[in-house]
Every structure is written in structure tokens, then in C-alpha cells.
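Counting from 1, the numbers follow the sequence of the chain as shown. The figures here come from the full heavy-atom set of this structure, side chains too, leaving out hydrogens, waters and symmetry mates.
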Amino acid sequence: MYAKNCPSRQVLDRIGDRWSVLVVAVLRGGPRRYGEIAATIEGVSQKMLTQTLRALERDGLVTRTVHATVPPRVDYELTGLGRSLLGLVAALENWAYTHMGDVLAARDAYDAR
């Protein structure tokens with residue numbers, strides 16, 4: 001993964017992207033519509049959410065299902081491969097919540113220098 005042309009770098013970029021991590025976390029509860037995902041993830045632009053969902057679908061982590069209704073309904077859901085990330089995402093969430101104060105204190109100390 002340290003070689004510049006190693007495909008694992010692309011995988012790490014995908015699963016390490018903040019929007020990807022948040023989308024995977026939102027979808028852990030089951031299928032969601034685009035609007036539900038957007039409403040849950042504050043601060044994500046429509047463009048970034050669309051790009052993230054497409055990239056996750058392309059990488060086999062998310063499925064997009066279009067229902068033949070009027071108006072059309074589109075659901076996004078984690079695939080088996082996407083669900084395999086849930087333990088990692090939960091660990092990242094835990095770490096962030098547990099160490100948020102430590103990181104903020106370190107930033108304050110750094111900025112005060």
C-alpha cells in the first residue's frame with residue numbers, strides 16, 4: 001500500500017473519506033432515501049453526497065434501487081461488502097467520541113504556542 005500505484009490506496013481513499021464514512025454509518029440502519037441521508041449528514045452538499053453515493057456504488061459498497069413508482073423512489077443500501085465496514089466505522093466513531101476532548105485540548109495547546 002505504500003507504493004504509489006498500489007490499488008489499495010484507492011480503497012483507502014474511499015473508505016477513509018469523511019463523507020463515505022458518514023454515509024456508511026447512516027446506512028447501517030438499513031435502506032435510506034437520498035433525502036434521508038442528506039438530512040442526517042449536516043454540511044454535505046448535494047454535489048458531494050451524489051458523488052459519494054456514486055463512488056460507493058461503483059466500489060460495490062452500496063446498492064442503488066430505483067422503484068417504479070410515481071414519483072420514482074430511489075433507495076440506497078449497504079451491500080455485504082459495505083456492511084463489512086461497519087465494525088471499522090463503529091471503532092472510528094468510538095475513538096472520535098472518546099478522544100474528542102483530547103484532540104481539542106491538543107489543538108488549543110498547539111495554537112497557543
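How far OG1 of T63 is from CG of L56: 11.0 Å, rounded to the nearest 0.5 Å. A distance of 11.0 Å separates CZ in R83 from CG in L27, rounded to the nearest 0.5 Å. Here OG1 of T52 is found 4.5 Å from CE of M48. Values are rounded to the nearest 0.5 Å. Distance CG/L22 to CD/E42: 11.0 Å, rounded to 0.5 Å.
V24 and V11 fall into different hydrophobic clusters, where Ile, Leu, Val, Met, Phe, Trp and Tyr side chains are chained together by heavy-atom contacts under 4.5 Å. Under the 4.5 Å side-chain contact rule for hydrophobic residues, Y97 and L104 share a cluster.
Pairing each heavy atom of D102 with each of T98, the nearest pair is OD2-O, 4.3 Å. Looking at every heavy atom in both residues, I41 comes nearest to V44 through O-CG1, 3.2 Å. Residues T79 and G60 share a closest heavy-atom pair of OG1-O, 2.6 Å.
The shortest distance between side-chain heavy atoms of R33 and D75 falls below 4.5 Å. Side chains of L85 and V21 form no contact here, defined as non-hydrogen atoms less than 4.5 Å apart.
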request  = Take W19 and L49, measure what side chain to side chain contact (heavy atoms under 4.5 Å, CB included) needs, and give me the verdict at the end.
outcome  = CA-CA 7 Å; W19 301 122; L49 182 54; over 6 Å; no
key: Derivation and outcome, side chain to side chain contact (heavy atoms under 4.5 Å, CB included), residues V62 and E77   = CA-CA 5 Å; V62 167; E77 184 174 13; over 6 Å; no
query = Can you check side chain to side chain contact (heavy atoms under 4.5 Å, CB included) on S20 and I15, steps first, answer last?
reply = CA-CA 6 Å; S20 294; I15 64 173; over 6 Å; no
message = Working note: L86 + L78, criterion side chain to side chain contact (heavy atoms under 4.5 Å, CB included); need CA distance, chi angles, decisive distance, verdict.
response = CA-CA 10 Å; L86 292 176; L78 292 175; 3.8 Å; yes
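Pairs passing the side-chain hydrogen bond (donor to acceptor under 3.5 Å, both in side chains) check and including a residue from residues 103-113, sequence neighbours excluded, do not occur.
Using modelled atom types, one finds no donor on one side chain facing an acceptor on the other under 3.5 Å when comparing T65 with Y76.
When the side-chain contact (heavy atoms from CB on, under 4.5 Å) test is applied to V66, the partners found at least two apart in sequence or on another chain are R64, V74.
Using a 4.0 Å cut-off between a side-chain N of Lys or Arg and a carboxylate O of Asp or Glu, R28 and E93 qualify as a salt bridge.
For R54, the CZ atom is loosely surrounded, since the number of other residues' heavy atoms within 6.0 Å does not exceed 12.
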